[in-house]
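Here's the structure, in structure tokens; my notes come after.
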Amino acid sequence: MYVSKHHALPEPAEAQALIEAHPLGAWVVPGSEGLVANHVPFLLDRSRGPFGTLMGHVSRANPVWKLLPAAAHSAVMFQGPQSYITPGWYPGKQAHGKVVPTWNYAVAHAHGAARAIDDEHWLRGMLTRLTAAHESSKQLPWQMTDAPADFIDRMLRAVVGIEIPIERLVGKLKASQDEDLQDRWGTVSGLAAEGTENAAAMARLVERAARQQR
């Protein structure tokens, strides 16, 4: 991924935080007939390795896990807030007209060699942690023990674990950093007026970046 100096997330913790907030990763591995892509919700264990380790699972019927012994390194792409940015929000449009549209986004790319884990104990532990992470905000959090034990056993036999120690982690935040400051504040106002959760999230990122570069 190309990352200009304006858009780099220099601290790994920032990219890790993006992964944790947006855990559905686009996972790409090489196969004999080309690239194979899947979308997998990953759990990030920050304590394992310099950049952490990704853990997830796929259906046993999905052939991707059988490719891994022969596969080279894979990549997982995590998408944070993103938004089209219209030059209509820029004061510069009226002042000189030398403005064009752009697209803002926040992403993290994790690179590493994936391996399949066909182990019931590992899967049970990983899925317990994954469920706890996503149920923590619910009024009545669901737990695996809420379902009949034989049903959970059957479901576990239907999946295979995936583990990816992260060897390289690249974060990118494109949040209008290379625009004139007045146009950046115009972008914050324009996004806030859209009234969507995604636009509000991007507005916060543009505002934070603008304040950091003062």
* Asked: Do P12 and F51 come close enough that some side-chain heavy atom pair is under 4.5 Å?
  -> yes

* T196 side chain to A199 main-chain N or O, any donor-acceptor pair under 3.5 Å? -> yes

* **Check: L54 and V40 side chains under 4.5 Å, non-hydrogen atoms** => no

* Min side-chain heavy-atom separation H22-Q79 under 4.5 Å -> no

* **R168 side chain to H111 backbone, donor-acceptor under 3.5 Å** => no

* Side chains of V206 and W185: closer than 4.5 Å at any heavy-atom pair? -> no

* Asked: So, the side chain of Q177 versus the backbone of A175: is there a donor-acceptor pair under 3.5 Å, distance only?
  -> yes

* Same apolar cluster (I L V M F W Y, side chains within < 4.5 Å links), W122/L130 -> yes

* Asked: With a cut-off of 6.0 Å (strictly less than), are more than 12 heavy atoms of other residues, nucleotides or ligands near NE2 of H121?
  -> no

* Would you indicate whether the side-chain heavy atoms of V76 and F42 approach each other to under 4.5 Å? => yes

* List the steps, then state whether side-chain hydrogen bond (donor to acceptor under 3.5 Å, both in side chains) holds for D183 with S176. => CA-CA 9 Å; D183 292 342; S176 301; over 6 Å; no

* Spell out, yes or no, whether L127 and W142 are grouped together once hydrophobic residues are joined by side-chain heavy atoms under 4.5 Å, including indirect joins. => yes

* To do: Please list, chain by chain and in numerical order, all residues satisfying salt bridge (charged side-chain N to carboxylate O under 4.0 Å, His left out) with E163, sequence neighbours excluded.
  => R48, R115

* To do: Count the heavy atoms of every other residue, nucleotide or ligand shown that sit under 6.0 Å from CE of M155, and state whether that count exceeds 12.
  => no

* For the residue pair N38 and V58, establish whether any side-chain heavy-atom pair is separated by less than 4.5 Å. => no

* Structure fact -> On a heavy-atom basis, the closest approach of S74 and A114 is OG-CB, 3.8 Å

* **N62 side chain to S59 backbone, donor-acceptor under 3.5 Å** => no

* Give, for atom OG1 of T131 and atom CD of Q143, the distance between the pair rounded to the nearest 0.5 Å. => 9.5 Å

* **Main-chain N/O of Q82 paired to N198 side chain as donor or acceptor, under 3.5 Å** => yes

* May I ask you to test the H7-L173 pair for a side-chain heavy-atom distance under 4.5 Å? => no

* To do: Could you tell me the separation between the CD1 atom of I85 and the OG1 atom of T187, rounded to the nearest 0.5 Å?
  => 5.5 Å

* Asked: For the hydrophobic clusters of this structure (ILVMFWY residues joined by side-chain heavy atoms under 4.5 Å, transitively), does one cluster hold both V29 and I117?
  -> no

* To do: Using a strict 4.0 Å threshold on nitrogen-to-oxygen distance, state whether R124 and D119 make a salt bridge.
  => no

* Asked: Is the closest side-chain heavy-atom distance between L18 and V107 below 4.5 Å?
  -> no

* Short question: side chain of W65, backbone of R60 - any donor-acceptor pair under 3.5 Å? -> yes

* Mind checking the CG-OG1 spacing from L191 to T86? Nearest 0.5 Å is all I need. => 10.5 Å

* Cluster check I152, M126: I/L/V/M/F/W/Y, side chain < 4.5 angstrom -> yes

* Asked: Under 3.5 Å, is there a donor-acceptor pair between the side chain of K172 and the main chain of L9?
  -> no

* Asked: Which atom pair, heavy atoms only, marks the closest approach of L123 to V160?
  -> CD2-C, 4.0 Å

* To do: Determine, stepwise, if the pair M55 / D45 fulfils side-chain contact (heavy atoms from CB on, under 4.5 Å).
  => CA-CA 8 Å; M55 298 181 291; D45 186 342; 3.9 Å; yes

* Taking every non-hydrogen atom, the tightest pair across M202 and P81 -> CE-O, 3.4 Å

* To do: Go through the steps to decide whether I166 and T53 satisfy the test side-chain contact (heavy atoms from CB on, under 4.5 Å), and finish with yes or no.
  => CA-CA 5 Å; I166 302 174; T53 295; 5.9 Å; no

* Asked: Can you name the closest pair of heavy atoms from P101 and Y84 and give their distance?
  -> CB-OH, 3.3 Å

* Asked: Does the S136 side chain pair with the main chain of A133, one donor and one acceptor, at a distance under 3.5 Å?
  -> yes

* To do: Look up atom CD in E120 and atom CG in L156, then write down how far apart they are to the nearest 0.5 Å.
  => 5.5 Å

* To do: First locate atom NE2 of H57, then atom CD1 of I162, and finally report the distance between them rounded to the nearest 0.5 Å.
  => 10.0 Å

* **Salt-bridge present (E20, R46; N to O < 4.0 Å)** => yes

* Between A37 and V28, what is the shortest heavy-atom contact and its length? -> CB-CG2, 4.2 Å

* **Value rounded to 0.5 Å, distance of CG in L169 from CZ in F78** => 9.0 Å

* Please lay out, stage by stage, how I164 and W27 fare under the test side-chain contact (heavy atoms from CB on, under 4.5 Å). => CA-CA 10 Å; I164 308 174; W27 175 39; 3.6 Å; yes

* Structure fact -> A210 and L181 have their tightest heavy-atom pair at CB-CD1, 4.2 Å

